[in-house]
Amino acid sequence: ADRAAVAALNLALQPEQLRELAHAIKGAARIVRAQQVIASCEQLELAWAQEPPQPVEHNALQALVQALTALEQGLLYHLQRSPTVAAGAA
């Protein structure tokens, strides 16, 4: 859901809303130690926390989307390979 939210991000949103979204994603990423996601979120949080908010390059958002996609793929891979999860799903 977070990856879709970032991919569809409307930069016309208020910087505070964007910063809150990045912060929420970063919190979830910390749970699974997704360092690239954390770093991307921190970069965006810093830009949007400035007064006045700094514009964010498309590359910074794209880096977050790519990091979230890689995390999602990694999690799915491990879930599919885990005998415990597979047994519980049956």
Are L75 and I25 co-members of a hydrophobic cluster defined by side-chain heavy atoms under 4.5 Å apart? yes
Straight-line distance of Q62 CD to S40 OG, nearest 0.5 Å: 10.5 Å
Nearest 0.5 Å, what's the CZ-NZ distance between R19 and K26? 9.0 Å
Working to the nearest 0.5 Å, report the span between CD of E45 and CD of Q50. 12.0 Å
Salt-bridge present (R30, E42; N to O < 4.0 Å): yes
So E72 and L76, do their side chains get closer than 4.5 Å, heavy atoms only? yes
Nearest 0.5 angstrom please: L79 CG to R81 CZ, how far? 12.0 Å
Once you round to the nearest 0.5 Å, how far does SG of C41 lie from CG of L68? 6.5 Å
Quick one: closest heavy-atom pair of W48 and L61, and the distance? CH2-CD2, 3.9 Å
Between the side chain of Q43 and the main-chain N/O of A39, is any donor-acceptor distance below 3.5 Å? no
Any chance you could measure L71, atom CG, to L64, atom CG, to the nearest 0.5 Å? 10.5 Å
